[in-house]
Amino acid sequence: MQSFGLIHFFQTHIAPMEIVSDLGQMQDICMRARIDNQKIALVPTMGFFHEGHLSLMRWARLNADQVVVSVFVNPAQFGPGEDLDRYPRDLERDSSMARSLSIDFLFVPYAADLYPEGFDTWVETQKLSKFLCGQERPAHFRGVTTIVCKLFNLTMPRMAVFGRKDRQQLLIIKKMVRDLHMPVDIVGLPTIREHDGLAMSSRNAYLSPRQRKEAANVYKGLAMIRQEVLSGRTDRLELESLLGNYYRQNIPGAVIDYIQLVNAETLENASRADNNTFMAVALKLGRTRLIDNIELGQSTEDA
Ligand code: PAF
């Protein structure tokens, strides 16, 4: 039994990673894998991998027969004046990192194929996409849900893996999948942090050394709030103002976009912190937008 498992592992994982750009080819490969009863996991990314991405890929490798990692900097989720042009890219480095994790396919589609002349169909989760980041980035989540839906259609995964740092994105994708009966399990994995607590993000590469040092306080403030909640302080307005003061003192260069205690499913303001709430923040440090969040109950996964 054990040796069969080993043979099966080598049969499915010994092939070198393939880089696929053609949409039809990706779809054919995945269609054949599905007919062969292979469980496909998709890890959608915008590339410039860090340990956060790698943790998603490792999970996918352990839980699926075929792992597809997509790398696509999706223009539809960037607003005017945002960082689409300077978003960090390094496909060579990404490929070798993915290869070292025995990923089966690196899917690197072209924008001109995904959004050809005349493209006019959007997928939008109406309510959830208006809160938090949706206030400052009104078309962002429509771009995310549209590309994720396309990637699902192109790779036909049984499961797709996302990080909980982008918690609003994760909720919105789960909602899209439920509302549209998409046959995909959405897996949300914990935020991976630097040694000082900063949530890993490709955008951290923009930070100057001084900003990078200050940025660690984004999470330190959230951890402080969690401690306050555990010691009995639960009023939303009190907690939000405590965190605002902490950021003004400890990240004086930052512009606070939002600090909000929200219900973990609806994203509406919660009046008190409890097991079903999280504190979400977004700050601009120079030209870099940082987001993070923390669960606030006794039994949290992100503590
Ligand atoms: O989280 C991201 O990197 C992107 O929003 C995603 C899910 C790959 C869609 O472009």
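What's counted below: heavy atoms across the whole structure, side chains too, no hydrogens, waters or symmetry copies.
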Counting N and O atoms only, with roles assigned by atom type, does the side chain of Thr146 sit under 3.5 Å from a partner on the main chain of Val123, one being a donor and the other an acceptor?
yes

For Met176 versus Val148, what's the shortest heavy-atom pair and its separation?
CE-CG1, 3.9 Å

If you compare all heavy atoms of Gln168 against all heavy atoms of Leu132, which two are closest, and at what distance to 0.1 Å?
OE1-CB, 3.3 Å

Set of residues satisfying side-chain hydrogen bond (donor to acceptor under 3.5 Å, both in side chains) with respect to Glu228, sequence neighbours excluded
Arg233

Closest approach of Leu189 and Ser55, non-hydrogen atoms and distance?
CD1-O, 4.1 Å

Look up atom CG in Asn250 and atom CD in Glu214, then write down how far apart they are to the nearest 0.5 Å.
9.0 Å

Is any side-chain heavy atom of Val177 closer than 4.5 Å to one of Phe152?
yes

Under a side-chain separation threshold of 4.5 Å, the hydrophobic residues clustered together with Tyr87 are Met46, Val73, Phe78, Leu84, Tyr206

With Asp292 as reference, evaluate Arg203, Arg193, Arg167, Lys220 under the salt bridge (Lys or Arg N to Asp or Glu O under 4.0 Å) test and give the passing residue.
Arg193

Determine whether a donor-acceptor pair (N or O, by modelled atom type, separation under 3.5 Å) exists between the side chain of Asp36 and the backbone of Gln38.
no

Should Arg287 and Asp83 be marked as a side-chain contact (heavy atoms from CB on, under 4.5 Å) after you check the CA-CA gap, both sets of side-chain angles, and the distance that decides it?
CA-CA 9 Å; Arg287 292 202 297 159; Asp83 55 342; over 6 Å; no

I'd like to check Gln135 versus Lys130 (side-chain heavy atoms, cut-off strictly below 4.5 Å). Are they in contact?
no

Flag, side chain of Asp196 to backbone of Asn217, donor-acceptor distance under 3.5 Å:
no

OG on Ser271 to CG on Leu237, rounded to 0.5 Å:
9.5 Å

Hey, does Leu42 have a side-chain heavy atom less than 4.5 Å from the side chain of Val161?
no

Could you tell me if the side chain of Arg212 sits less than 4.5 Å from the side chain of Leu198, heavy atoms only?
yes

Shared hydrophobic cluster for Val229 and Phe278 (ILVMFWY, side-chain gaps under 4.5 Å):
no

For Arg158, the side-chain hydrogen bond (donor to acceptor under 3.5 Å, both in side chains) test, sequence neighbours excluded, returns none

Qualifying ring-ring contact (aromatic ring centres under 6.0 Å, His included) pairs, either residue in residues 43-71, two or more places apart:
Phe49-His53, His50-His53

How far apart are the C-alpha atoms of Phe131 and Val262, what are their side-chain angles, what is the distance that settles it, and do they pass the side-chain contact (heavy atoms from CB on, under 4.5 Å) test?
CA-CA 10 Å; Phe131 298 110; Val262 294; over 6 Å; no

Checking Asn293 side chain against Arg164 main chain: does a donor-acceptor pair fall under 3.5 Å?
yes

Indicate yes or no for a side-chain donor-acceptor contact from Gln66 to the backbone of Lys39 under 3.5 Å, with no hydrogens or angles considered.
no

Straight-line distance of Thr277 OG1 to Asn263 CG, nearest 0.5 Å
8.0 Å

Is it true that a side-chain atom of Glu82 and a backbone atom of Gly79 form a donor plus acceptor pair closer than 3.5 Å?
yes

For Gln27 and Thr155, indicate whether the former's side chain and the latter's backbone hold a donor-acceptor pair under 3.5 Å.
no

With rounding to the nearest 0.5 angstrom, report the CD to CE distance, Glu295 to Met279.
13.5 Å

Does any N or O in the side chain of Arg289 come within less than 3.5 Å of the main-chain N or O of Lys284, such that one atom is a donor and the other an acceptor?
no

Counting C-beta onward and ignoring hydrogens, is there a side-chain heavy-atom pair between Cys30 and Val68 closer than 4.5 Å?
yes

When hydrophobic residues are tied together by side-chain contacts of less than 4.5 Å, even through go-betweens, does Ile192 share a cluster with Leu170?
no

Is any side-chain heavy atom of Ile225 closer than 4.5 Å to one of Leu296?
yes

If Ile, Leu, Val, Met, Phe, Trp and Tyr residues are connected whenever their side-chain heavy atoms lie under 4.5 Å apart, and connections chain through other members, are Leu56 and Met97 in the same group?
yes

Looking at Arg99, I want to see if its CZ is surrounded by more than 12 non-hydrogen atoms of other residues, nucleotides or ligands under 6.0 Å.
yes

For Arg93, is there any backbone N or O sitting under 3.5 Å from a side-chain donor or acceptor partner on Asp90?
yes

For side-chain contact (heavy atoms from CB on, under 4.5 Å), just list the numbers for Lys175 and Ile172, CA-CA rounded to whole Å, side-chain angles, deciding distance to a tenth of an Å, and then say yes or no.
CA-CA 5 Å; Lys175 182 89 178 102; Ile172 288 174; 5.5 Å; no

Exam field: side chain Arg34 to backbone Met156, donor-acceptor pair closer than 3.5 Å:
yes

Do Val184 and Val43 belong to the same hydrophobic cluster, where Ile, Leu, Val, Met, Phe, Trp and Tyr are linked whenever their side-chain heavy atoms lie under 4.5 Å apart, directly or via other members?
no

Looking at every non-hydrogen atom in both residues, tell me the closest pair between Leu283 and Ile256 and how far apart they are.
CD2-CG1, 4.2 Å

Qualifying residues under side-chain hydrogen bond (donor to acceptor under 3.5 Å, both in side chains), relative to Asp185, sequence neighbours excluded:
none

Could you pull out the closest heavy-atom pair between Leu207 and Ala215, with the gap in Å?
CD1-CB, 4.0 Å

In this structure, would Ile259 and Leu285 fall into the same cluster of hydrophobic residues linked by side-chain contacts under 4.5 Å?
yes

In a table with atom names and distances, give each donor-acceptor pair under 3.5 Å that connects a side chain of residues 106-122 to protein atoms at least two apart or in another chain.
residue, atom, partner, partner atom, Å
Tyr115, OH, Asn74, OD1, 2.6

After noting the C-alpha distance and the side-chain angles of Glu265 and Lys174, does the key distance pass the salt bridge (charged side-chain N to carboxylate O under 4.0 Å, His left out) rule?
CA-CA 10 Å; Glu265 273 130 45; Lys174 282 185 173 167; over 6 Å; no

Are any of the side-chain heavy atoms of Met224 and Tyr246 separated by less than 4.5 Å?
yes

Using the rule given for side-chain contact (heavy atoms from CB on, under 4.5 Å), can you reason through Arg61 versus Leu101, listing the C-alpha separation, both sets of side-chain angles and the distance that settles it, and then say yes or no?
CA-CA 8 Å; Arg61 180 66 290 157; Leu101 294 186; 5.9 Å; no

Heavy-atom closest contact (Met159 atom, Ala64 atom, distance):
CE-CB, 4.4 Å

Check whether any side-chain heavy atom of Ile173 sits under 4.5 Å from a side-chain heavy atom of Phe162, and report yes or no.
yes

